[in-house]
Amino acid sequence: MPLKGGATIKRKESQKNLNKSSRPNSENPKKKTVKKRTSNLSTNSVVYEEPINLKPLRKKKFKNNNTTAEPTDDQLMFENGGDSGTHRPDDNQYMERPDWIDETIPDDAIPDAEMRQHRSVDSGGRESLARVRCSPAGLTNGVADIIAAIDIGSTYSGYSFGIVDDLNKDRTAMFMNKTWISGNPRLTTMKAPTSVLFTPEKRFHSFGYEAEWKYSQLSADKVNGGWYYFRRFKMALLTDENLNSTSSIQDDTGKPLRAAMIYGTVLKTLKSALVENLATTMKGCTVQWVQDNFAFRWVITHPAEWSDDAKQFLRLAAKQASIPDVVLVPEPEAAAMYCQISNLHRINTRNGEIICIQKQGLHYMVLDMGGGTVDTTIHEFDEENKINELHTTCGVVFGGIRVDGAFVEFLMKVIGFEVMDKFAQSFRGDLLTLHKEFESKKRVFDPTSTDYVSIKVPAILRRIYEVNEKKPLQLKVDNSEFGDLVKMHGDNITIDPDIFNGFFKSAGEQILTHVMKVLSSKRGRNVKTIVMVGGFAQSASIQGLMRRKFPDMTILMPNEPEMAVLKGAVLYGHEFAPIIKMDAKHSYGLSIALPFHRHDHHEDKRFNASGVDLCTDIYSEQIGKGETVRIGDFVTKMSLYVNRKGQKCLSLPMFLNTGDMSPLYTTDANCHFLGKMQISLASDRDINAPIVVRMGLTYSELLVEVVDESNGRTVRDTFLDSPLKND
């Protein structure tokens, strides 16, 4: 993770495997034997002592803020770390297209937007929140109990929400629907398809997967003529430069319906699903009770290039969904908000490196790759803690649906255009099943694998071919232009992985060309970091193309990138500002040894080191609970000194305290061992040179840096910011 000075941090998993057997035995504590020296320890000496499981006589607030180079007699003393101890974990534990093809918009339908300086958002931290902005109307003093977000995407739509009390404690405490039923057991999605069905009377019937299945049944029975079916309707809105409340969209058979009505219906459906989910989450609560007892702040996302008229259209649609007051947030800004708290994993290295983007002066690109469109935004994190949007291009149509189109073109080559067209027009339900089968394979495809990809073909497709062509479908497939690379086995077509990977080629090449165009622009020349979000970002094929094309770029991706816009919208509704600071959830410190004072320390904690009585297991707090820290920045808290020449290693045990007060000893009940840091020491180092220890926080990890000021040797590591179950 880059921090100040360009340092990086590598994740370490070792502390997850810590078990009780690695903890000390309070009945038989083992202390380090220190060889006697001819003189007493100097004030620059440092002593380490193994923690032992003994209860203190009393707890008291203990805090050491001294960061001077020369320690006094009351300053901490640290363990030598040259030998192993009983409490330490083991070191190893750490294609002409028919009208049914999804691709309905030409490549140049949406030109790139011109570069523009867009907005600058004050990011003063949690305390700024909504108080620095106008509160949403309709909410008493702008206060909300629930932050609810809805994102209507080009291909998939969904919702997310967070309870304010929970968000105040944990910004990641957000909920979303994970039970959308697709009809394919191998295809699970956290969003539903952007599809909606209306009756001939223009009344809402169903949404998502249910709308797709119902319309396929109507089409099979040839009674769909009067119904209104809209699938991926947002794509049509993206080409409407004059989108407003009077705009309309044509359905599957060319019948128009007002866009605001369609949008409003989907918003209302997702709103109802959200409230039902919330009631279920709260257990025993009814939907009506939730609506009566909680104040909602609704956040709706929209494309960044939408005009004021388009936003007014969205507000009208929201009112039709009984959301009179709504907070609107551009999709790239929402995604950037999420990236402020998410662990961003670098995908073009092998070491599991985690990067923090809250670095002053950093220019980074947010590459939002959805199913329909690809959006790019360049942000700058400036020295005044502001995120400036330097450049944006939106709605370029070469997202994941291009891969679906390539697969359909492949089938037309293998099976035949006429057969595929008849199949698609007459058996929409089976076509839908085929699309879902392909989607499930597309999501998990590994381009490095040598295994053939098997796609189950609907039985009706085989029957159509054999009735029309008077020969087996298998013979047609086996004799196709692809030769042995594509075979038919029963109802399954097996495809060579190189052929399957080719389905991604067109979309991938266009994405690379677009990104190169942005990076070569005036605003993009300083960009060295790309953050990939959106569902298409999860494609291993696209990731591989990005790695090979931009080997010198830092390419990052958060957890659940397909949910970045939705989760970021919740954060936007909660904070209204980029998240660069946070309050520590716990306190963090080290185990040290101090001069023993019989009035303050437990007698059983006493040990003697070269004639000096010391107290072991002292908890030295470095970051206090509730302390406001800047995410990703190190805080210098202490300087340590070794106590003997020739010392080869310094081992530093890290602890987390879940109590409200800092404990006196690291053996107290609320104190949890996280792991240890070790730094090798040169045999000829200056014994008077300090060892500087710094700590910092990301949203879910403790960062530790240890620097030997004698030669600049530095070690860094991360520890999970939560108590271990088996500590």
With salt bridge (charged side-chain N to carboxylate O under 4.0 Å, His left out) as the test, would you mind laying out the steps for Glu509 and Arg548 before giving the verdict? CA-CA 12 Å; Glu509 289 179 346; Arg548 292 188 293 273; over 6 Å; no

Looking at [atom1] of [X] and [atom2] of [Y], how far apart are the two atoms once the value is rounded to the nearest 0.5 Å?
X: Leu167; Y: Ile146; atom1: CG; atom2: CD1; result: 9.0 Å
X: Phe161; Y: Met174; atom1: CZ; atom2: CE; result: 11.5 Å
X: Phe313; Y: Lys311; atom1: CZ; atom2: NZ; result: 14.0 Å
X: Lys436; Y: Tyr209; atom1: NZ; atom2: OH; result: 6.5 Å

Under a 3.5 Å threshold, yes or no: a donor from one side chain and an acceptor from the other, between Thr194 and Thr155?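 There is no such pair (donor and acceptor under 3.5 Å, judged by atom type) between the side chains of Thr194 and Thr155.
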
Side chains of Ser506 and Gln510: is there a donor and an acceptor less than 3.5 Å apart?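 The answer is yes; a qualifying pair exists.
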
Do Asp375 and Thr373 come within less than 4.5 Å of each other through their side chains, counting heavy atoms only?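 Heavy-atom side-chain distance check passes, below 4.5 Å.
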
Got a donor-acceptor contact below 3.5 angstrom from the [X] side chain to the [Y] backbone?
X: Lys567; Y: Ser160; result: no
X: Thr301; Y: Pro330; result: no
X: Ser342; Y: Tyr338; result: no
X: Ser541; Y: Asn501; result: no
X: Ser449; Y: Asp446; result: no
X: Glu705; Y: Met695; result: no
X: Ser521; Y: Val518; result: yes

Ion pair check, [X] and [Y], cut-off under 4.0 Å:
X: Lys442; Y: Glu439; result: yes
X: Lys191; Y: Asp151; result: yes
X: Arg297; Y: Glu575; result: no
X: Arg231; Y: Glu212; result: yes

Measure from NZ or CZ of Arg346 to the centre of the six-membered ring of Phe550 and say whether it is under 6.0 Å with the direction within 45° of the ring axis.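 No.
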
Are the ring centres of Phe500 and Phe438 closer than 6.0 Å?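 Under 6.0 Å, so yes.
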
Among Leu519, Val366, Val527, side-chain contact (heavy atoms from CB on, under 4.5 Å) partner for Ile378: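 Testing each of Leu519, Val366, Val527 against Ile378, the sole residue satisfying side-chain contact (heavy atoms from CB on, under 4.5 Å) is Val527.
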
Are there over 12 heavy-atom neighbours, none belonging to Lys271, within less than 6.0 Å of that residue's NZ?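 Buried by this count: over 12 neighbours within 6.0 Å.
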
